[in-house]
Amino acid sequence: MNSNASLQQARGNFSVEVKPQTPDNPAAEGSGLSRLSLQKQFQGDLEGTGQGEMLGAGDGKTSGGYVALEKISGTLGGRRGSFVMIHRALMVGGAPTEWTIVVVPESGTDELRGLSGSMKIIIADGKHSYDFAYSFT
């Protein structure tokens, strides 16, 4: 993120629907990786929807890893547009580690052009919330 820009915080909740997808080519079938679609609904300081694709390895409960790209469309701090986030996480002993979710550079559109930032996802009591630190250049 640009260290000269002032950081803003967005917090709220989201729901997520994850659906397994069928590999669509021989290389994908041969990889043995899981492919999943993501559909999210954000409420709070970020209001909108997220749609994306995830690739995962491992059992997803005790060990493994995933990468994902997600396009989020809606309103952030009163500004309307869309942006893309990239996710990366490892799971060791049932706990996420090295979990990073950041805005893809120059992916912001409309009033969200110049957006950068990182998001933390909190999962507690079966509910999802987010804490998004962001800025504009």
Side-chain angles (χ1 to χ4, degrees):
M1 289 190 334
N2 182 348
S3 60
N4 296 330
S6 62
L7 271 180
Q8 299 177 61
Q9 292 291 135
R11 293 183 180 93
N13 300 311
F14 69 94
S15 59
V16 60
E17 186 177 351
V18 180
K19 290 185 178 176
Q21 300 297 302
T22 304
D24 60 2
N25 62 72
E29 286 178 18
S31 73
L33 299 173
S34 301
R35 182 174 153 232
L36 308 141
S37 67
L38 302 171
Q39 179 72 39
K40 293 181 182 174
Q41 187 68 45
F42 291 91
Q43 298 91 32
D45 299 325
L46 171 60
E47 290 277 341
T49 59
Q51 297 175 310
E53 292 279 324
M54 175 189 295
L55 288 175
D59 66 15
K61 293 184 177 158
T62 59
S63 65
Y66 86 89
V67 294
L69 287 168
E70 172 185 16
K71 181 178 182 180
I72 298 173
S73 301
T75 305
L76 173 64
R79 296 182 184 210
R80 180 163 289 287
S82 66
F83 58 97
V84 177
M85 301 206 79
I86 186 166
H87 300 235
R88 177 192 177 275
L90 299 176
M91 184 173 285
V92 178
T97 64
E98 299 182 34
W99 197 356
T100 59
I101 306 167
V102 297
V103 175
V104 172
E106 299 183 30
S107 65
T109 67
D110 302 321
E111 295 174 331
L112 297 178
R113 289 188 191 282
L115 177 70
S116 62
S118 63
M119 183 180 283
K120 291 181 185 174
I121 292 176
I122 301 102
I123 303 171
D125 300 323
K127 298 185 188 221
H128 293 77
S129 60
Y130 63 87
D131 187 348
F132 185 22
Y134 67 95
S135 65
F136 291 94
T137 55

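Small disclaimer: the values here were computed from a predicted structure and weren't measured.
- Using a 4.5 Å heavy-atom threshold, the side chains of Met119 and Leu46 count as touching.
- Between Leu115 atom CG and Ile72 atom CD1 the span is 9.5 Å, to the nearest 0.5 Å.
- Rounded to the nearest 0.5 Å, atoms CD (Gln51) and CD (Glu53) are 10.0 Å apart.
- The distance from atom OG of Ser107 to atom CG of Leu112, rounded to the nearest 0.5 Å, is 9.5 Å.
- Taking both residues in full, the closest heavy atoms of His87 and Lys40 are given as CE1-NZ, 3.7 Å, listed atom of the first, atom of the second, then distance.
- Checked against side chain to side chain donor-acceptor pair (under 3.5 Å), Ser129 has no partners two or more places apart in sequence or in another chain.
- The nearest pair of heavy atoms linking Ser135 to Ser6 is CB-O, 3.5 Å.
- For Phe132, the ring-ring contact (aromatic ring centres under 6.0 Å, His included) test picks out Phe83, Tyr134, with sequence neighbours left out.
- Residue Gln43 holds its CD atom at 8.0 Å from OH of Tyr130, rounded to the nearest 0.5 Å.
- Checked against ring-ring contact (aromatic ring centres under 6.0 Å, His included), Phe14 has the following partners two or more places apart in sequence or in another chain: Phe42, His128.
- In terms of hydrophobic clustering, with Ile, Leu, Val, Met, Phe, Trp and Tyr side chains grouped at heavy-atom distances under 4.5 Å, Leu38 and Ile121 are assigned to a common cluster.
- Residues meeting the salt bridge (charged side-chain N to carboxylate O under 4.0 Å, His left out) test with Asp59, sequence neighbours left out: none.
- Nearest heavy-atom pair across Ala133 and Gln9 is CB-OE1, 3.3 Å.
- For the salt bridge (charged side-chain N to carboxylate O under 4.0 Å, His left out) test, no residue two or more places apart in sequence or in another chain qualifies with Lys71.
- Counting only heavy atoms from C-beta outward, the side chains of Phe136 and Arg79 approach each other to under 4.5 Å.
- The stretch residues 102-122 participates, sequence neighbours left out, in no ring pair (Phe, Tyr, Trp, His ring centres under 6.0 Å) pair at all.
- Applying the salt bridge (charged side-chain N to carboxylate O under 4.0 Å, His left out) criterion to Arg88, with sequence neighbours excluded, gives Glu98.
- Residues meeting the side-chain contact (heavy atoms from CB on, under 4.5 Å) test with Met91, sequence neighbours left out: none.
- Alongside Leu90, the hydrophobic cluster contains no other residue (criterion: ILVMFWY side chains under 4.5 Å).
- Taken together through direct or relayed side-chain contacts under 4.5 Å among Ile, Leu, Val, Met, Phe, Trp and Tyr, Tyr66 and Leu55 form parts of separate hydrophobic clusters.
- With side-chain heavy atoms closer than 4.5 Å counting as contact, directly or through intermediates, the hydrophobic cluster containing Leu69 also holds Val84, Ile86, Val102, Val104.
- Residues that satisfy the side chain to side chain donor-acceptor pair (under 3.5 Å) test with Thr109, not counting sequence neighbours, are Ser82.
- Judged as a side chain to side chain donor-acceptor pair (under 3.5 Å), the pairs with a partner in residues 18-32 (not counting sequence neighbours) are, in order, Glu17-Lys19, Gln21-Ser37.
- Looking at Glu111, its side chain does come within 3.5 Å of a backbone N or O of Arg80 through a donor-acceptor pair.
- The two residues Ala57 and Leu33 come nearest to each other via the heavy atoms CB-CD2, 3.8 Å.
- Here Ser116 contributes atom OG and Glu106 contributes atom CD; the two are 11.0 Å apart, rounded to the nearest 0.5 Å.
- For the pair Asp45 (side chain) and Arg11 (backbone), a donor-acceptor distance under 3.5 Å is present.
- Under the 4.5 Å side-chain heavy-atom criterion for Ile, Leu, Val, Met, Phe, Trp and Tyr, Val16 and Met54 are members of the same hydrophobic cluster.
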